[in-house]
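Remarks on the structure that follows.
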Amino acid sequence: MQALAAKPHSRRSFSKLVAAGALSLRAQPAPTRARIRIDTERVIGDIDPKIYGNFVEHLGRCVQGGVFDEGSPLADTNGFRRDVLDASKKLGVTLLRWPGGNFSSNYIWTDGIGPRDQRPARLEMAWGTVENNRFGTHEFLQFTEMAGAEPYFCANLGTGTWQQAQQWVEYCNSAEDTAITRLRKQNGRAQPWKVTYWGLGNEMDGPWQMGHRSAENYGKFALEAAKLMKWTDPGVKLIAAGSSNFGPNADWTGWNRTVLEYLKHHVDYLSLHTYVGNRENNFGEFMASSVELDKRTKTAEGIIDAALSGEPASRRIYIAWDEWNVWYRARGDKERGRRILEERYNLEDALVVATFLNSFLNHAHIVKIANMAQLVNVIAPIFTSEKGMFLQTIYYPLQLFANNSKGKSLELFTDSPKYETKRAGGVPYLDASAAYDNGTLVLNVVNRHPDQAITADIEVQDKRFGGAVDASEVNGPDIKAENDFDSTKVRATQAQSPSAQGNKLQYSFPAHSYTMLKAKLA
């Protein structure tokens, strides 16, 4: 496939964008050359495949009409959409979080087992619908198995009880002969699934959450749930609900400190959430969103280090960014019901997604789980109708990262021209990360400039290029380009392969693009 050419704006259209505030170009020098230095011995950490996770919540058309569509000619005999399953496999989803989200804070897991026609319908208060419970524990675990992903359950610590959380672990993981495991066998599953990852509630610091608590009350409550869950299966990995509240009176750092004081001997991850958007229609400011992500990751790492001070070196707690995405258009206060949060994404959204993935790689030593929210229809890379589906712009960077950036993350030296922003100060035009695995180097680069290509001199300091360099590019005709059922304007394409000489390579990164360079090193 040929690379998509990056169409420069005409002088008139470019001026209109600046006047409208779509571009942030205050006192920006004309970009010159950039430099990227790579040393395969400068390792940040092992890249955990679970950073390429996703999220399935009973919200809008994510489950009903998305993953699960009984009666549809596009579904299999069990009700799973074949096209969605195929797209999920190609996306490289590694870890699927379920059943929420806000939905989990009022979810009674026993409603979702047994014969489908006998399951109770419940008033669903998080999103204003009636939940029919036809998609439950067995269906979710079957879907994850078919998709080649691991399951991640979020337990109800909102309206739920310690016993409900403990018995869900028992139902899924225990091989003992108990009333709970007999119920599982009665429902068609003889052997336990051995679900490893369990969340201790969702966004419990948020006043919008059912069962909202203070940090101290949540810490005490989650501690007892954690003890029971780990006593049931010592092999489970538990994720504490870190702070997701950035309201005017929120104490993000204080919540995380308090929660970890209670849970530091029992949890394996601290859950963090973030969503970003471009409400001001300012491309430059929007493209700097990952700078704030970097700061929050470093702050959370410091809080974790402080909590574990004096503990054995083997005691580790990692960060799980288990809800993240671009989300700002479909966020009205009246967004309730079945067809909600159906964000349509453009090229600039895809580029921000690529910078977030760069951030996860550049903090691979501490970020071990990340779940894009969500998989289908609801703020999602996959979008369906009764007749088919299409892939949104944000699908492509995640697909390239998940299928190629493996092994160890490398610390890069990147010298790039910068532009000025209000929130983040000087921001480099080139945002980069690198992965190294068994002699294969993957370099991920986002060019944040809206109108100009930037040429980089790339040098590997301890090895030589061993052959051809493959180049893949996510780009489109302009930053607002979107995909639809009958039109794919933004996609991943094979770009022209650059020529390397010894340990050096020169590449011109097109305007408003994400590029992945992949090469063997010798």
Side-chain angles (χ1 to χ4, degrees), residues 1-7 47 49 51-54 83-84 86-94 148 287 290 325-326 343-361 370 372 375-376 380-383 388-406 430-435 437 440-450 453-454 456 468-498 507-519:
M1 300 173 67
Q2 292 184 343
L4 283 175
K7 252 186 222 179
I47 299 170
I51 66 170
Y52 305 125
N54 216 289
D83 53 353
V84 170
D86 182 62
S88 301
K89 290 179 179 178
K90 292 177 180 176
L91 185 58
V93 176
T94 54
M287 289 303 301
S290 61
N325 205 343
V326 175
E343 194 98 347
R344 291 297 189 98
Y345 291 104
N346 59 29
L347 174 59
E348 64 182 2
D349 300 326
L351 299 182
V352 168
V353 163
T355 64
F356 271 47
L357 292 164
N358 276 342
S359 179
F360 297 151
L361 259 64
M372 174 184 273
L375 184 63
V376 193
I382 303 169
F383 201 92
M389 57 158 277
F390 74 92
L391 303 178
Q392 298 229 60
T393 63
I394 62 173
Y395 181 96
Y396 297 101
L398 185 57
Q399 181 187 40
L400 284 174
F401 270 86
N403 287 288
N404 296 282
S405 291
K406 303 176 182 180
L430 293 190
D431 181 71
S433 70
D437 186 31
T440 298
L441 172 71
V442 173
L443 180 65
N444 302 291
V445 179
V446 175
N447 181 1
R448 291 178 165 123
H449 199 286
I454 296 180
V469 179
D470 294 327
S472 299
E473 182 184 323
V474 176
N475 210 333
D478 59 72
I479 59 176
K480 300 298 184 181
E482 299 181 7
N483 295 344
D484 209 334
F485 289 102
D486 57 357
S487 174
T488 304
K489 296 180 180 179
V490 177
R491 58 164 63 90
T493 61
Q494 193 72 31
Q496 184 175 355
S497 297
Y507 195 83
S508 179
F509 296 99
H512 54 63
S513 68
Y514 156 56
T515 303
M516 184 193 77
L517 301 179
K518 188 173 184 179

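What's counted below: heavy atoms across the whole structure, side chains too, no hydrogens, waters or symmetry copies.
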Exercise. Nearest 0.5 Å, what's the NZ-CG distance between K90 and N403?
Worked result: 11.0 Å
For this session: Of all the heavy-atom pairs spanning P397 and A354, show the shortest one and how long it is.
Result: CB-CB, 4.0 Å
Problem set entry | From T355 atom OG1 to M287 atom CE, the distance as rounded to the nearest 0.5 Å | 5.5 Å
Exercise. Shortest non-hydrogen contact from N483 to F390?
Worked result: O-CE1, 3.4 Å
Exercise. Are the ring centres of Y514 and F401 closer than 6.0 Å?
Worked result: yes
Seminar exercise, completed: Rounded to the nearest 0.5 angstrom, the OG1-CD distance for T493 and E473 is 5.0 Å
Exercise. When you look at S405 and N444, which way does the side-chain hydrogen bond (donor to acceptor under 3.5 Å, both in side chains) test go after all the steps?
Worked result: CA-CA 9 Å; S405 291; N444 302 291; 3.0 Å; yes
For this session: Please check if the side chain of S433 supplies one atom and the backbone of L361 the other of a donor-acceptor pair under 3.5 Å.
Result: no
For this session: Provide the closest heavy-atom pair for S508 versus A453 in the form atom of the first, atom of the second, distance.
Result: OG-CB, 3.6 Å
Exercise. Which heavy atom in A434 sits nearest to a heavy atom in L441, and how many Å separate them?
Worked result: CB-CD1, 4.3 Å
Exercise. Taking side chain as C-beta onward, heavy atoms only, is K518 less than 4.5 Å from V442?
Worked result: yes
Problem set entry | Over all atoms of both residues, closest heavy-atom pair of N54 and M372 | OD1-O, 2.9 Å
Problem set entry | Test item: D470 and S497 side chains (from C-beta on) under 4.5 Å apart, heavy atoms | yes
Problem set entry | Under 3.5 Å donor-acceptor, D349 side chain and N346 backbone | yes
Exercise. So do D478 and L347 actually touch side chain to side chain, heavy atoms under 4.5 Å?
Worked result: no
For this session: Check for a donor-acceptor pair, side chain of Q392 on one end and backbone N or O of E343 on the other, with a separation under 3.5 Å.
Result: yes
Seminar exercise, completed: In short, A370 meets F360 closest at the heavy-atom pair CB-CE1, 3.7 Å
Seminar exercise, completed: Separation between CZ (R448) and CG (D431), nearest 0.5 Å, reads 4.0 Å
Seminar exercise, completed: Interatomic distance, OH@Y396 vs CG@N475, rounded to 0.5 Å, equals 13.5 Å
For this session: For the pair M389 and V376, evaluate side chain to side chain contact (heavy atoms under 4.5 Å, CB included) and give the outcome as yes or no after the intermediate values.
Result: CA-CA 10 Å; M389 57 158 277; V376 193; over 6 Å; no
Exercise. For Y345 and V352, what are the C-alpha separation, side-chain angles and deciding distance, and is it a side chain to side chain contact (heavy atoms under 4.5 Å, CB included)?
Worked result: CA-CA 11 Å; Y345 291 104; V352 168; over 6 Å; no
Exercise. Would a 4.5 Å heavy-atom cut-off, applied to side chains only, mark I394 and N325 as touching?
Worked result: yes
Exercise. Does a salt bridge link E482 with K489, judged by any charged N lying under 4.0 Å from a carboxylate O?
Worked result: no
Problem set entry | Pairwise side-chain contact, V445 with L430, heavy-atom cut-off 4.5 Å (strictly under) | yes
For this session: Would you mind reporting whether F509 and H449 have side-chain heavy atoms less than 4.5 Å apart?
Result: no
Exercise. Are any of the side-chain heavy atoms of S472 and Q399 separated by less than 4.5 Å?
Worked result: no
Exercise. Can you find a heavy atom in the side chain of L91 that is under 4.5 Å from one in the side chain of L398?
Worked result: yes
Exercise. Is a donor on one side and an acceptor on the other found under 3.5 Å between the side chain of N447 and the backbone of S513?
Worked result: no
Exercise. Between the main-chain N or O of L517 and the side-chain N or O of Y507, is there a donor-acceptor pair closer than 3.5 Å?
Worked result: no
